[in-house]
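Notes follow once the structure below has been shown.
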Protein chains: 2
Amino acid sequence: MDAKTQARFDARARVLKALAHPSRLFMVDVLSQGERCVCELTEMVGADMSTVSKHLAVLRAAGIVADEKRGMQVYYTLKMPCVLRFFDCVSEVMARSAAEYVEVASIR
Amino acid sequence: MDAKTQARFDARARVLKALAHPSRLFMVDVLSQGERCVCELTEMVGADMSTVSKHLAVLRAAGIVADEKRGMQVYYTLKMPCVLRFFDCVSEVMARSAAEYVEVASIR
DNA sequence: GCAGTGCTTGGCGGAATGGCCAAGCAGTTG
DNA sequence: CAACTGCTTGGCCATTCCGCCAAGCACTGC
């Protein structure tokens, strides 16, 4: 794997890492339906606001969401709706994995 | 976020986490062109075989690849070709991120 | 200005991840 | 059986991630 190839896969992995957390996936899902302020997302996720803010910073750094301050609130929007397509594939993987778990369980 | 929703996003995150590493993405890419034994992948990735083996175990646990022992070698195959679709979207994210980096750099 | 709200950042402890080396294990070959 | 190959597993260390609390910062309103 040469340096150029390495760099390309590093970049891809960075985006996937940004998405690879349940709370962040949930927020992306919520934001696909429209912008939300941090307070709303905090409420929905059910974690400390500082935690949610840091998750949003991760998504922002990856270019997946953008923030805009309006008045006292900061609104986040989904910049990469195409990431939603991930879910279709992931669901497929999940369905098979679940089936295998059942299979393994029944063997035991 | 109720327990059921939590479980769904946990499951999705698990698959994304399995993919969120440069070496693992590279191996998925290689496997999309056909099966490979661990020794070949080790050679291509350029890491210790034990490291590669552990990465493959992560992909296998997520249901993304499958292994089959034939003779002295273990061959891995891609079970979820749909994960390749991720890359199109990731490329798009990368292109925009790169553009922003340039922008930020030029401002400095 | 000062108190209050909304958000971000710093910091800390605990958990998970990733890499290598070494040891173990299965299958092959002499 | 003994030596060898291909792979996996255990263990260790360094690094990163993740959650909360506390502090700081920006804007609003009294």
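So that the names make sense, note that chain A is the first sequence line, chain B the second, and so on, each numbered from 1.
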Review point. Which value, rounded to the nearest 0.5 Å, describes the distance between A:R60 atom CZ and A:D67 atom CG?
Key: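 The CZ atom of A:R60 sits 4.5 Å away from the CG atom of A:D67.
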
Treating [X] as the side-chain partner and [Y] as the backbone partner, does any N or O pair qualify as donor plus acceptor under 3.5 Å?
X     : Y     : answer
A:T42 : A:V38 : yes
B:S32 : B:D29 : yes
B:Q33 : B:V30 : no

Review point. What residue among A:V58, A:I64, A:L19 forms side-chain contact (heavy atoms from CB on, under 4.5 Å) with A:R24?
Key: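 When side-chain contact (heavy atoms from CB on, under 4.5 Å) is applied between A:R24 and each of A:V58, A:I64, A:L19, only A:V58 qualifies.
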
Practice item. Indicate, yes or no, whether a donor-acceptor pair under 3.5 Å links the base of C:dG6 to the side chain of A:K69. Key: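 No, no donor-acceptor pair under 3.5 Å.
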
Practice item. I would like to know whether B:E35 and B:R70 meet salt bridge (Lys or Arg N to Asp or Glu O under 4.0 Å); could you show each step before the answer? Key: CA-CA 12 Å; B:E35 65 172 20; B:R70 284 208 304 275; 2.6 Å; yes

When you compare the protein's N or O atoms with those of nucleotides 14-17 of chain C, which come within less than 3.5 Å of each other, and at what distance?
| unit_1 | atom_1 | unit_2 | atom_2 | d |
| --- | --- | --- | --- | --- |
| C:dT17 | OP1 | B:K17 | NZ | 3.2 |

Nearest-angstrom distance from the residue atom [atom1] of [X] to [atom2] of [N]:
X     : N      : atom1 : atom2 : answer
A:M72 : C:dG6  : CE    : P     : 5 Å
A:Y76 : C:dG6  : OH    : P     : 16 Å
B:E68 : C:dG27 : CD    : C1'   : 15 Å

Practice item. Would you indicate whether the side-chain heavy atoms of A:V65 and A:L31 approach each other to under 4.5 Å? Key: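 A side-chain contact exists here, since the closest heavy-atom pair is under 4.5 Å.
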
Check your understanding: Would you say B:R12 and A:P22 make side-chain contact, with heavy atoms under 4.5 Å?
Key ->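 Contact flag for B:R12/A:P22 side chains = no.
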
Check your understanding: With the 4.5 Å side-chain cut-off for hydrophobic clustering, are A:M72 and A:V74 part of the same group?
Key ->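 No, A:M72 and A:V74 fall in different hydrophobic clusters.
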
Point to revise | In one Ile/Leu/Val/Met/Phe/Trp/Tyr side-chain cluster, 4.5 Å: A:Y75, A:M49 | key: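 Cluster IDs for A:Y75 and A:M49 differ.
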
Review point. Aromatic rings A:H21 and A:H55: how do their planes relate, parallel, tilted or perpendicular, breaks at 30° and 60°?
Key: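 A:H21 and A:H55: tilted rings.
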
**Study point:** Start and end of the DNA chain D segment that chain A contacts, any atom under 4.0 Å from a heavy atom
**Key:**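 Nucleotide range with atoms under 4.0 Å of chain A: D:dC17 to D:dT28.
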
**Study point:** Residue whose nearest DNA chain D nucleotide is more 5′ - A:G71 or A:S23
**Key:**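 Between the two, 5'-proximity favours A:S23.
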
Check your understanding: For residues 25-50 of chain A, which residues have at least one heavy atom under 4.0 Å from DNA chain C?
Key ->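 Within this stretch, A:C37, A:V38, A:C39, A:M49, A:S50 sit under 4.0 Å of the strand.
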
